[in-house]
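A, B, ... follow the sequence lines: proteins, then strands. Residue 1 opens every chain. Quantities reported herein were computed from a predicted structural model and do not represent experimental measurements.
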Amino acid sequence: MKYEPLVIEEKWQKKWEDEKAFKVTEDPQKKKYYLLEMFPYPSGKIHIGHVRNYTIGDVVARYKHMKGFNVLHPMGWDSFGLPAENAAIEHKIHPAKWTNENINHMKKQLKRMGFSYDWDREISTCEPKYYRWEQLFFIWMYEKGLAYKKRSTVNFCSKCDTVLANEQVESGLCWRCSTEVQEKVLDQWFFKITAYIEELLEYCDKLPGWPERVMTMQKNWIGKSYGCEVDFPMADSNGAIKVFTTRQDTLFGATFMLVAAEHPLVMQLTKGKAIEKDVLQFVEKVKKQDKLMRTSEYYEKEGLFLDAYCKNPLTGQGMPIFAANFVLADYGTGCVMAVPTHDQRDFEFAKKFNLPLIVVIQPKGKTLDAEKMAEAYVDEGILVNSGQFDGMENTKVLEAIADFLETQGKGKRTIQYRLRDWGISRQRYWGAPIPMINCDKCGIVPVDEKDLPVVLPENVKLSTEGGSPLAALKEFVDTTCPKCGGKAARETDTMDTFVESSWYFDRYCSPDCDTKPGLDRKKLDYWMPVDQYIGGIEHAILHLLYSRFYTKVLRDFGVIGVDEPFTNLLTQGMVCKETMKCKEHGYLFPEQAADGKCHICGKDVIIGKTEKMSKSLKNVIDPDYLIKTYGADTARIFCLFAAPPEKDLEWSDQGVEGSFRFLSRLWRICDEYLEDIKAVNPLPSGVGLEGELKGLRRKTHQTIRKVTIDIEDRFHFNTAISAVMELVNAVYQIKRPASDDKIALATIREALEAAVILLVPIVPHITEELWQMLGHKTLAADISWPQFDPAVASEEEMTIVVQINGKLRSRMTVAVDEDPEKIKADALADEKIISLLSGANVLKVIYVPKKLVNIVAQHK
RNA sequence: GCCUGGGUGGCGGAAUUGGUAGACGCAAGGGACUUAAAAUCCCUCGGUCCUUGAGGCUGUGCGGGUUCAAUUCCCGCCCCAGGCACCA
């Protein structure tokens, strides 16, 4: 019988589905394990990145299931978002219809991969029964001051006609459509993530199951810094300019003041002055400059003198005030004291405008001359020109100067964060409506809880014109005020889709709960937190930080009992493939470049760089094609075998072929032995084996040990698969025993069954079929993970390497329990060693147990 | 520029705590089977040198260091990838 994946795979998928093999409910008797993969946006088709992500998760879920855990492994859809709206505009299809058709198709594809989801828990975030609770949480957040509205400068994409969060701008362009981002002032809803900033930071050190790298990124994103707020009094009026600095040690060297061009102070200072017009022009110009460009290293540093002075609070020296393009208005106070001698930007600026330089930090053993400096001195040193602080080390004087400023009333210690509140307003249609009402009389009023959900209306006009489609819909906007009963208007902004993905993992625990607050505390207490979360590294900051914040908010509402949502996090690498290009026809899909020729013109195809698979580069592999040609099991095992999960995976067609070959090889050896081993009994426990059979049995138990460790401790599926490959190779090496040699056949059966069981989480279909062929009646998916016998797995002999001065010179085989002194003596008595040591003094003999003997010798 | 990863054969990767570098797979070469091909099974496979051996030398981005012993630890440098915020 041949291995025909297409026949067996769908058969078993149906069986799992009919038997609801992966349905779970709370069971206090069993230990729970919540395994979650990041849910997909229903874009239309699954891609290889999904296949990889979900295969990794499925292996862990199935493994834990076999280990006896009560495994929650859900799947759903992050189904609000801009692409649906764009599709609606382009193809005149309603976002809901487009989304649901995509969901149906992708669900079929996921089922065809054989993933062990409990589909009864499927959720789709665009359904009112999901987002109604999000609206309820919004109202609660509003009542607690955690959701608030503020007028703010925002990034605006004219194409999407929508606001982008600062972090959603990629190199000055809209992260979705790459249109250049403009600035615009709007009233926006914000979540006060900064209210939890200290806790979010503190827990960065309390999540040992997260990759160090991700925690570092989040810490940097939060960006806590300690410094001082210093008052620089105006030279010829009352008042002062407040500045935040972490470098108060350089305060005596501050010779001029920089203010962000868009800072209100700029126009205040120049009001009525001759230069007012020029300044206004400069400010307008800077506003148009791209934010990212403006602050980049190489961008021209521009500034304009504002015809105003302040005073250095410590020296009393006058400091000219400039508006500058490279100072950010929304970090710190928007004003920066410039120390040209010890900050490169300030140095360049000072040179350009011929401003004074005062050295205040001297490197040890050297004297800096301000006149001759070619660049700022930014390293550590000793203070000079700094009054009573002269002679102190700059790193140690920070506290002293802070104290001095505080006692003098010239400044105070402050902590500054980089993280800003989360802007969640979107002027889009396909999102969860914000449940607020604007009343002329009462102002902003939340919708009554009993009136939730505020359902997204279906009859909207979507066009390229943009604007908020909801705002144009009179029957949606017109409402009555819940407070006074008068005429009022609904909020027409919808929520950022990151809000839905900030609590979907909670909803999976009670997906059908329809009583307030939509989350069943008892069920949540059983399942939460997520034991293992798996997804792409691209979500290292935003999604993960927002989810952490939202969890803490829900905790404080008493909805949930955990501080953090995800105990362990695995960030997988990207899937990459070489790009192919035709000189004339640009990027080509793999099937358009078969045989290395362009399918249109027949010219030679140019093989380009290997890059992340993407539609625009056309270097994509269609999972459907893979499944049709090789089956889901091959697709799964290849994704796992090609690289460890956290690394990028480079696609290789030949590698896929090799994975298929291995599965066929496993199938064939089982098939060949089937008749002979079908009826043999398992090996009796005390039976003594000799020779190659003994070796095979040892290999079997060693393989169980290795695969268990590789999956459990490291998620290194590639080495686990290698180990099973070795076991299968070992069975091929065994001389075929006679049909009545029950002991030999039982040994072979044990080896083959071990190979099959160990592969169940990885390639569930073929193993299910083989398991049945071997005469078992229960589902392979439900059997217990095998145990290994340490006595059987242990080696009797070991190879000891003999080195002279660290160089490999000989090997010897000794019993594992051999006396160390005897091993050393044997090494020195080795024929080769004797000849190599002739005429040398042996200084030392080092024995590393079970590994090697190193003889340290010196020639006379 | 800063932060975070990384650099091992023709290729993907392995070596878990400083102890035999290159497991496993791909590609390549050879053999068996076959009328032939495919498939399958078996063998070889870092480089180099010679005296062809159970051989010598060399080899984990480069240069140093620590150590009996370094892919692994330390210092300096080069290159690649991802992230970013000139953060005062």
Side-chain angles (χ1 to χ4, degrees), chain A residues 2 166-167 170-171 211-217 219-221 223 225 227 243-248 250 254 258 291-292 294-299 301 324 326-328 330-339 342-346 348 416-418 537-538 540-541 573-574 576 611-612 638 641-644 646-659 661-662 664-665 668 706 709-710 713-714 716 718-726 729 732-733 799-811 831-832 843-857:
Chain A
K2 237 185 109 191
N166 226 347
E167 53 270 29
E170 289 173 350
S171 43
E212 193 64 44
R213 186 152 98 100
V214 175
M215 293 294 39
T216 309
M217 284 163 99
K219 276 188 205 167
N220 290 344
W221 190 262
S225 56
V243 156
F244 173 73
T245 181
T246 56
R247 291 296 306 273
Q248 59 268 26
T250 63
L258 296 168
K291 225 180 208 165
L292 215 104
R294 240 170 84 184
T295 51
S296 93
E297 182 78 4
Y298 309 102
Y299 204 75
K301 283 157 190 54
F326 61 96
V327 176
L328 298 174
D330 40 15
Y331 182 81
T333 61
C335 304
V336 181
M337 66 173 199
V339 184
H342 305 292
D343 182 292
Q344 188 57 28
R345 302 158 295 183
D346 298 345
E348 286 170 33
Q416 191 67 39
Y417 299 93
R418 177 195 174 277
I537 185 76
E538 67 270 24
I541 296 174
M574 299 177 298
C576 306
E611 293 188 69
K612 181 183 167 169
F638 175 72
F641 183 62
E646 66 277 8
K647 268 188 110 167
D648 285 350
L649 185 157
E650 201 178 314
W651 192 260
S652 141
D653 288 326
Q654 282 153 345
V656 176
E657 197 80 45
S659 296
R661 207 175 302 158
F662 166 65
S664 306
R665 215 167 131 78
R668 203 174 307 114
K706 169 134 183 80
I709 291 169
D710 283 349
D713 301 349
R714 311 199 300 163
H716 276 211
N718 54 334
T719 52
I721 293 165
S722 294
V724 181
M725 283 175 170
E726 283 185 52
N729 289 346
Y732 269 93
Q733 296 297 324
T799 302
I800 296 293
V801 165
V802 187
Q803 298 179 336
I804 296 174
N805 294 332
K807 285 200 176 182
L808 181 81
R809 291 302 180 209
S810 184
R811 280 170 228 267
E831 232 174 273
K832 265 179 87 183
L843 303 174
K844 208 169 166 189
V845 179
I846 295 155
Y847 174 57
V848 180
K850 296 180 182 185
K851 299 268 176 180
L852 57 79
V853 175
N854 189 14
I855 299 160
V856 185

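Using a 4.0 Å cut-off, some side-chain N or O of A:Lys647 falls inside it from OP1 or OP2 of B:G13. Between A:Gln248 and B:A88 there is no side-chain N or O to OP1 or OP2 distance below 4.0 Å.
Here A:Asp343 contributes atom CG and A:Thr245 contributes atom OG1; the two are 9.5 Å apart, rounded to the nearest 0.5 Å.
For A:Ser722, the side chain to side chain contact (heavy atoms under 4.5 Å, CB included) criterion is met by A:Phe641, not counting sequence neighbours. With sequence neighbours left out, the side chain to side chain contact (heavy atoms under 4.5 Å, CB included) criterion links A:Thr216 to A:Glu212, A:Asn220. The side chain to side chain contact (heavy atoms under 4.5 Å, CB included) search around A:Arg661 returns A:Glu657, not counting sequence neighbours. The side-chain hydrogen bond (donor to acceptor under 3.5 Å, both in side chains) check on A:Tyr847 picks up nothing, with sequence neighbours excluded. Take A:Lys832 and apply the side-chain hydrogen bond (donor to acceptor under 3.5 Å, both in side chains) test, not counting sequence neighbours, and it matches no residue. Remark: A:Glu726 pairs with A:Lys699 by the salt bridge (charged side-chain N to carboxylate O under 4.0 Å, His left out) rule, at least two apart or across chains. The side chain to side chain contact (heavy atoms under 4.5 Å, CB included) test applied to A:Asn718 returns A:Pro644, A:His716, not counting sequence neighbours. Qualifying side-chain hydrogen bond (donor to acceptor under 3.5 Å, both in side chains) partners for A:Arg809, counting only residues two or more places apart in sequence or in other chains: none. Among residues two or more places apart in sequence or in another chain, the side-chain hydrogen bond (donor to acceptor under 3.5 Å, both in side chains) test is passed with A:Gln733 by none.
Separating the P atom of B:C26 from that of B:A39 is a span of 12 Å, rounded to the nearest Å. Using C1' as the reference atom, B:U66 and B:A28 are 42 Å apart when rounded to the nearest Å. For the P atoms, the distance linking B:G59 with B:U48 amounts to 15 Å, nearest Å.
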_Using a 4.0 Å heavy-atom cut-off to protein, can you give one letter per nucleotide of nucleotides 15-25 of chain B, 5' to 3': B if the base is in contact, S if only the sugar-phosphate is, - if neither?_
SB--BB--BBS
Give me the distances for all protein-to-nucleotides 44-49 of chain B N/O pairs that come in under 3.5 Å?
none

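Separating the CD atom of A:Glu212 from the P atom of B:U4 is a distance of 10 Å, rounded to the nearest angstrom. B:C87 atom P lies 12 Å from atom CZ of A:Arg247, rounded to whole Å. The nearest whole Å value for the distance from the CG atom in A:Asp346 to the P atom in B:G1 is 19 Å. Residue A:Glu831 contributes atom CD, which lies 18 Å from atom P of B:G53 at whole-angstrom precision. Look at CZ on A:Arg809: it is 11 Å from P on B:G55, rounded to the nearest Å. One atom, CD of A:Gln416, and another, P of B:A85, lie 16 Å apart when rounded to the nearest Å. In this structure, A:Glu646 atom CD and B:G6 atom P are separated by 9 Å, rounded to whole Å.
Heavy-atom distances to RNA chain B give each of A:Lys844 and A:Phe244 a nearest nucleotide, and the one nearer the 5′ end belongs to A:Lys844.
Looking only at side-chain heavy atoms (C-beta outward), A:Val845 and A:Val856 stay at 4.5 Å or farther from each other. A:Phe244 has its side chain within reach of A:Ser225: a pair of non-hydrogen atoms, C-beta onward, lies under 4.5 Å apart.
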*Given Watson-Crick or G-U pairs with both distances under 3.5 Å, what dot-bracket string fits RNA chain B, with | for other-strand pairs and [ ] for crossing?*
(((((((..(((......[....))).(((((.......))))).(((((..).))))..(((((..]....))))))))))))....
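B:G46: glycosidic angle beyond 90° from 0, hence anti.
Among the protein residues, A:Arg418 comes within range of the nucleic acid bases, having at least one heavy atom under 4.0 Å from a base atom. Among the protein residues, A:Tyr732 comes within range of the sugar-phosphate backbone only, with heavy atoms under 4.0 Å from sugar or phosphate atoms but none that close to a base. In this structure, A:Ser225 reaches the sugar-phosphate backbone alone: every heavy-atom distance under 4.0 Å involves primed, P, OP1 or OP2 atoms, never a base.
Among B:A88, B:C41, B:C68, the nucleotide with an atom closest to any side-chain atom of A:Val336 is B:A88.
Remark: A:Lys851 NZ is loosely packed, at most 12 non-hydrogen atoms of other residues, nucleotides or ligands lying under 6.0 Å away.
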